[in-house]
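What you are looking at is a predicted structure, and each value in this text was computed from that prediction instead of being measured. Side chains included, hydrogens not; waters and symmetry mates left out as well; all remaining heavy atoms used.
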Amino acid sequence: MGNIAIVTGASSGIGAAIIKVLASQDMNFNGIVLDEVWAVARREDKLIDLNKNCSDKIKPFKANLIAEEEIQRLSTAVS
């Protein structure tokens, strides 16, 4: 499956900043090259904008992680 990171709250603030840093560092996190980074957030429009400006290894995923079924949906999608 490879090295995958999941960044929540990725549509703005610290989450978006983390995505941008990873993309600018060729998906390298402390010497680990990531195969994918899943950008998870509630605001799909912001995820789409973020994805346009970053690596194609960024996988946008719209979810509200307050809801248990959304957590399960993310878990299923990643596995």
Side-chain angles (χ1 to χ4, degrees):
M1 178 172 245
N3 295 320
I4 298 173
I6 297 173
V7 178
T8 61
S11 63
S12 65
I14 294 171
I18 291 170
I19 294 291
K20 290 173 185 174
V21 167
L22 287 172
S24 73
Q25 295 179 352
D26 295 324
M27 307 297 283
N28 189 315
F29 178 73
N30 286 343
I32 299 170
V33 177
L34 300 170
D35 297 306
E36 291 181 348
V37 175
W38 286 57
V40 181
R42 294 174 293 155
R43 299 183 340 216
E44 188 172 34
D45 59 328
K46 298 282 188 178
L47 286 173
I48 291 168
D49 288 343
L50 180 67
N51 199 43
K52 287 178 187 175
N53 299 315
C54 291
S55 168
D56 61 342
K57 292 183 178 183
I58 305 294
K59 306 296 180 196
F61 192 88
K62 181 185 181 297
N64 183 350
L65 298 182
I66 290 175
E68 181 67 35
E69 61 272 8
E70 293 287 289
I71 296 170
Q72 185 60 45
R73 190 170 64 83
L74 173 62
S75 177
T76 300
V78 171
S79 50

Is the number of heavy atoms from other residues, nucleotides or ligands within 6.0 Å of [atom1] ([X]) greater than 12?
X: Arg42; atom1: CZ; result: no
X: Glu44; atom1: CD; result: no
X: Asp26; atom1: CG; result: no
X: Lys46; atom1: NZ; result: no

What distance separates [X] [atom1] from [Y] [atom2], expressed to the nearest 0.5 Å?
X: Lys59; Y: Ile6; atom1: NZ; atom2: CD1; answer: 13.5 Å
X: Asn64; Y: Glu69; atom1: CG; atom2: CD; answer: 9.0 Å
X: Met27; Y: Asn3; atom1: CE; atom2: CG; answer: 10.5 Å
X: Ser12; Y: Asp49; atom1: OG; atom2: CG; answer: 12.0 Å
X: Asn30; Y: Gln25; atom1: CG; atom2: CD; answer: 9.0 Å

For residues [X] and [Y], report the shortest heavy-atom separation together with the two atoms involved.
X: Leu47; Y: Ala10; result: CD2-CB, 4.2 Å
X: Ile18; Y: Val7; result: CG2-CG2, 3.9 Å
X: Leu34; Y: Ala5; result: CD1-CB, 3.9 Å
X: Ala77; Y: Trp38; result: O-CH2, 3.6 Å

Is there a side-chain contact between Glu70 and Leu74 in this structure, where contact means two heavy atoms from C-beta onward sitting under 4.5 Å apart?
no
Is the side chain of Ser75 donor-acceptor paired with the backbone N or O of Ile71 at a distance under 3.5 Å, no angle test?
no
Group every Ile, Leu, Val, Met, Phe, Trp and Tyr by side-chain heavy-atom contacts under 4.5 Å, then state whether [X] and [Y] land in the same group.
X: Phe29; Y: Ile14; result: yes
X: Leu50; Y: Val40; result: no
X: Ile4; Y: Ile58; result: no

